[in-house]
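Worksheet: one structure, shown below.
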Amino acid sequence: MKRLKPIIKITAFSLIFSVVLYALSYMAKPAGYNLRHIEGIYAEEDNSLDVVYIGGSAAFVYYAPLKAWNDYGIVSYDYAADTIQPELYKTMIKEILKTQTPKLIVVDARSFQYRDKDNIDAQPPGEVPYRNTLTGMRLSQNKVDFINKYVEKQTGDEKLSYCFDIIKYHDIIVCFNGNNIKMMFGKYKEPFNGFYFVPKVEEIENYDFSTTDKKAVSSDTEEILNDLLDYMDGTGIDYLFTVSPYAEKKEHKMIFNYVQEKVENRGYKFIDCNEYTDIMKMDFDRDFYNENHVNIFGAEKYTDFLSEYIITNYAVPNRKDDSKYAFMNTYLVDWNHEVEDTKTAINKLIEENSNE
C-alpha cells in the first residue's frame with residue numbers, strides 16, 4: 001500500500017493539473033465571432049443538421065441559416081472563420097462528422113483562389129487563419145494531426161500553443177466569461193447558426209470576369225485539393241463547391257476554372273455564383289459592404305439562390321412540419337430584429353452618402 005501512495009498522488013496531481021489547464025485554456029480563448037462560430041457547432045443536437053457550410057467570411061456573411069430555415073425549412077449551420085485556408089477543410093469535415101451526418105456539406109471555394117498569395121504575404125504565414133479556426137476546435141487527435149502537419153511548416157510557431165490556448169493568450173484571460181464557460185461544457189448555442197451581420201454598404205464595380213482560360217494553383221495547394229477530394233470520396237456525404245458573389249476578376253476566374261475542372265472530374269458540383277448575379281438581382285450599389293463581401297441585402301439574395309439550388313440538386317428535406325425542429329422557430333424573433341436593425345443602419349448610410 002505504501003508503494004501505491006506515490007502513484008496515487010502523482011495520478012491525482014496529474015488529473016487536477018489537466019482539469020485546471022483545460023479550464024484556464026478555455027477562459028483564455030479570445031472572445032469573438034470566429035470562436036463562437038467554431039465552438040457553436042458542439043451545442044447542436046447530434047445528427048440534427050442537414051447542411052453545413054464550411055469556409056471563411058465568404059460563407060458566414062453570405063449564407064443565412066435562419067433565413068434558409070424560415071423560407072425553405074433547411075436546417076443548416078455556417079461552420080466558418082475569417083481568412084480560412086483550404087488545408088483546414090479536411091480537419092473541419094472530420095470534426096463535423098463526429099456529431100453530425102449532414103446530407104450536404106457546402107465548401108467555400110474562394111479559399112483556393114487566395115491561398116497562394118496569402119501564404120506568401122502573411123506575416124507570419126498561416127498563423128491568423130489557423131488560430132481563427134483551431135482556437136474554437138476542441139483538443140482531439142484530429143486537431144493535433146493538423147497542428148503537427150501544418151503549424152510549424154507554415155508559421156514557424158511552437159505547436160503546443162495551438163493545443164493549449166493559455167500559452168498564447170495567457171495575458172488576456174477573461175475570468176468567468178459566460179460564453180467561454182458554456183463553451184467549455186459544449187453548451188454555447190450560436191444564436192444565428194454562424195451567420196454574422198455587418199451594417200455597412202459600399203458601391204463596388206462589377207468587373208468583366210468572363211474567360212474559359214485556366215490557371216493552375218501552386219503544387220502545394222493542388223496537393224491540398226486532391227487530398228481533400230480523396231477524403232471526401234470516403235465519407236458518403238454530398239459536397240457542393242461554391243464561389244459566393246464578389247468583385248471577381250478574370251485572373252480569379254482562371255483559377256476557379258482550374259479548380260472547377262478538378263472538382264467536377266471527381267463527381268462533385270461546382271458553382272460560381274458570380275455567373276448568376278443577374279438571376280439573384282444583385283445590386284452592386286447596395287448589396288455589398290466591400291469588394292469581397294455582401295451585406296444583409298446581398299446575403300438574403302444569395303441565401304435564396306443557394307437554398308433553391310440545394311433543394312433542386314440534393315436530397316435535403318424541408319423540416320418545417322417536423323415537430324423535432326419546432327425549436328428553430330424560437331430563434332426567428334431575434335433574427336428578424338437583427339435583420340431589420342441592420343437594414344435600417346445600411347439605409348441610413350445610403351441616405352447619408354446620397355446627401356454628401
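The model shown is predicted, which means the values in this text are computed figures rather than measured ones.
- Inter-residue side-chain proximity for Tyr53 and Ser76 is flagged as unmet; no heavy-atom pair is nearer than 4.5 Å.
- You'll find the side chain of Leu228 reaches within 4.5 Å of the side chain of Phe112, heavy atoms only.
- Lys189 has a carboxylate O that lies under 4.0 Å from a charged side-chain N of Glu44, or vice versa, which qualifies the two as a salt bridge.
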Which side-chain N or O atoms in residues 144-152 pair as donor and acceptor under 3.5 Å with protein atoms at least two apart or in another chain?
{"unit_1": "Asp145", "atom_1": "OD1", "unit_2": "Gln141", "atom_2": "NE2", "d": "2.7"}
{"unit_1": "Asn148", "atom_1": "OD1", "unit_2": "Lys159", "atom_2": "NZ", "d": "3.4"}
{"unit_1": "Asn148", "atom_1": "ND2", "unit_2": "Val144", "atom_2": "O", "d": "3.4"}

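- Interatomic distance, OG1 of Thr91 versus CG of Asn142, reported as 5.0 Å (0.5 Å rounding).
- Of all non-hydrogen atoms in Arg319 and Lys103, the two that sit nearest each other are NH2-NZ, 3.6 Å.
- A distance-only check finds a donor-acceptor pair linking the side chain of Lys143 to the backbone of Leu134 [under 3.5 Å].
- Counting only N and O atoms by type, the side chains of Asn290 and His293 include a donor and acceptor under 3.5 Å apart.
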Side chains of residues 265-275: which donor-acceptor pairs under 3.5 Å do they make with residues two or more places apart or in other chains?
{"unit_1": "Asn265", "atom_1": "ND2", "unit_2": "Glu261", "atom_2": "O", "d": "3.2"}
{"unit_1": "Arg266", "atom_1": "NH1", "unit_2": "Asp230", "atom_2": "OD1", "d": "3.4"}
{"unit_1": "Arg266", "atom_1": "NH2", "unit_2": "Asp230", "atom_2": "OD1", "d": "2.6"}
{"unit_1": "Arg266", "atom_1": "NH2", "unit_2": "Asp233", "atom_2": "OD2", "d": "2.7"}
{"unit_1": "Tyr268", "atom_1": "OH", "unit_2": "Asp233", "atom_2": "N", "d": "3.3"}
{"unit_1": "Tyr268", "atom_1": "OH", "unit_2": "Asp233", "atom_2": "OD1", "d": "2.6"}
{"unit_1": "Asp272", "atom_1": "OD1", "unit_2": "Asn274", "atom_2": "N", "d": "3.0"}
{"unit_1": "Asp272", "atom_1": "OD1", "unit_2": "Asn274", "atom_2": "ND2", "d": "2.9"}
{"unit_1": "Asp272", "atom_1": "OD2", "unit_2": "Lys253", "atom_2": "NZ", "d": "2.8"}
{"unit_1": "Asn274", "atom_1": "OD1", "unit_2": "Tyr246", "atom_2": "N", "d": "2.9"}
{"unit_1": "Asn274", "atom_1": "ND2", "unit_2": "Glu248", "atom_2": "OE1", "d": "3.3"}
{"unit_1": "Glu275", "atom_1": "OE2", "unit_2": "Lys253", "atom_2": "NZ", "d": "2.5"}

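- Tyr196 and Asp78 form no side-chain donor-acceptor contact under 3.5 Å, judged by distance and modelled atom types alone.
- A distance-only check finds no donor-acceptor pair linking the side chain of Gln85 to the backbone of Leu88 [under 3.5 Å].
- Between the side chain of Tyr77 and the main chain of Phe192, no donor-acceptor pair closer than 3.5 Å is present.
- Classified by interplanar angle (parallel below 30°, tilted 30° to 60°, perpendicular above 60°), the ring pair Phe288/Phe284 is parallel.
- Ile255 is not connected to Tyr207 by any chain of hydrophobic side-chain contacts under 4.5 Å among Ile, Leu, Val, Met, Phe, Trp and Tyr, and they are in different clusters.
- Looking at Lys262 and Glu222, a side-chain N of the basic residue comes within less than 4.0 Å of a carboxylate O on the acidic one, giving a salt bridge.
- Look at Lys90 and Asp227 and you find a salt bridge, because one of the NZ, NE, NH1 or NH2 atoms lies within 4.0 Å of a carboxylate O, short of that distance.
- His37 places a side-chain N or O within donor-acceptor distance of the main-chain N or O of Gly194, the cut-off being under 3.5 Å.
- Judged purely by distance below 3.5 Å, without hydrogens or angles, the side chains of Tyr72 and Asp304 pair a donor atom with an acceptor atom.
- Here Asp283 does not pair with Arg286 in a salt bridge; the nearest charged N to carboxylate O distance is not below 4.0 Å.
- Put simply, CG on Asp285 and CD1 on Ile350 are 9.0 Å apart, with the number rounded to the nearest 0.5 Å.
- Using a 4.5 Å cut-off on side-chain heavy atoms (C-beta onward), Ile74 and Ile311 make contact.
- Within the 4.5 Å cutoff, no side-chain heavy atoms of Lys320 are placed close to those of Met328.
- Using a 4.0 Å cut-off between charged side-chain N and carboxylate O, Glu300 and Lys343 make a salt bridge.
- Counting only heavy atoms from C-beta outward, the side chains of Ile105 and Asp238 never approach each other to under 4.5 Å.
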Next on the checklist: Please evaluate residues Tyr276 and Phe305 with respect to the criterion ring-ring contact (aromatic ring centres under 6.0 Å, His included), reporting the C-alpha separation (whole Å), side-chain torsions for both, the decisive distance (0.1 Å), and the verdict.
Outcome noted: CA-CA 9 Å; Tyr276 301 93; Phe305 175 82; 5.3 Å; yes

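- Taken from CG in Asn193 to CD1 in Ile41, the straight-line distance is 9.5 Å, to the nearest 0.5 Å.
- Comment: Lys250 does not engage Asp213 in a salt bridge, judged by the lack of any side-chain N to carboxylate O separation of less than 4.0 angstrom.
- Side-chain heavy atoms closer than 4.5 Å link hydrophobic residues (I, L, V, M, F, W, Y) into clusters, and following such links, even through other members, never connects Phe209 to Val259.
- Without hydrogens or angle criteria, Ser57 side chain to Asp82 main chain gives no donor-acceptor distance under 3.5 Å.
- Cluster membership check: Tyr42 shares its hydrophobic cluster with Phe327, using side-chain heavy-atom separations under 4.5 Å among Ile, Leu, Val, Met, Phe, Trp and Tyr.
- Salt bridge present: Asp157 and Arg131 bring a charged side-chain N and a carboxylate O closer than 4.0 Å.
- Between the Tyr62 side chain and the Pro245 main chain, a donor and an acceptor come within less than 3.5 Å of each other.
- Judged by distance alone, with hydrogens and angles left aside, the side-chain atoms of Thr303 form a donor-acceptor pair with the main-chain N or O of Ala64 at under 3.5 Å.
- At most 12 heavy atoms of other shown residues, nucleotides or ligands fall within 6.0 angstrom of atom NZ in Lys281.
- Environment of CG in Asp321: sparse, with no more than 12 heavy atoms of neighbouring residues, nucleotides or ligands closer than 6.0 Å.
- Side chains of Asp116 and Ser218: a donor-acceptor N/O pair is present below 3.5 angstrom, by distance only.
- Rounded to the nearest 0.5 Å, atoms OG1 (Thr342) and CD1 (Ile296) are 6.5 Å apart.
- Residues Met254 and Phe241 fall into different hydrophobic clusters, defined by Ile, Leu, Val, Met, Phe, Trp and Tyr side chains chained together at heavy-atom separations under 4.5 Å.
- Of all heavy-atom pairs between Tyr239 and Tyr314, the closest is O-OH, 3.4 Å.
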Next on the checklist: Please evaluate residues Phe60 and Phe195 with respect to the criterion ring-ring contact (aromatic ring centres under 6.0 Å, His included), reporting the C-alpha separation (whole Å), side-chain torsions for both, the decisive distance (0.1 Å), and the verdict.
Outcome noted: CA-CA 5 Å; Phe60 66 71; Phe195 184 81; 8.4 Å; no

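- A donor atom on one side chain and an acceptor atom on the other are not found under 3.5 Å apart for Tyr302 and Ser307.
- Asp50 has its side chain out of reach of Leu104: every pair of non-hydrogen atoms, C-beta onward, lies at least 4.5 Å apart.
- In this structure a side-chain-to-backbone donor-acceptor pair under 3.5 Å is missing from Thr133 to Tyr130.
- Salt bridge Asp220/Arg115: present, at least one basic N to carboxylate O contact under 4.0 Å.
- Within a 6.0 Å sphere centred on CD of Glu264, heavy atoms belonging to other residues, nucleotides or ligands number more than 12.
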Item to check | salt bridge (Lys or Arg N to Asp or Glu O under 4.0 Å) between Lys98 and Glu95, intermediate numbers included | outcome: CA-CA 5 Å; Lys98 288 179 180 180; Glu95 202 68 15; 3.0 Å; yes

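- Asp108 and Ala58 get closest at one heavy-atom pair: OD2-CB, 3.6 Å.
- At a threshold of 4.5 Å between non-hydrogen side-chain atoms, the residues Val339 and Phe197 count as touching.
- For the 3.5 Å distance criterion, the side chains of Thr83 and Asn132 qualify, holding a donor opposite an acceptor.
- Side-chain atoms of Tyr114 and His252, non-hydrogen and from C-beta on, never get closer than 4.5 Å to each other.
- Distance check, rounded to the nearest 0.5 Å: CG of Leu139 to CZ of Phe164 gives 5.5 Å.
- In plain terms, the two heavy atoms of Pro191 and Leu66 that are nearest each other are O-CD1, 3.6 Å.
- At least one donor-acceptor pair under 3.5 Å links the side chain of Arg110 to the backbone N or O of Asn292.
- Of the inter-residue distances, the one linking Glu203 atom CD with Glu291 atom CD reads 12.5 Å to the nearest 0.5 angstrom.
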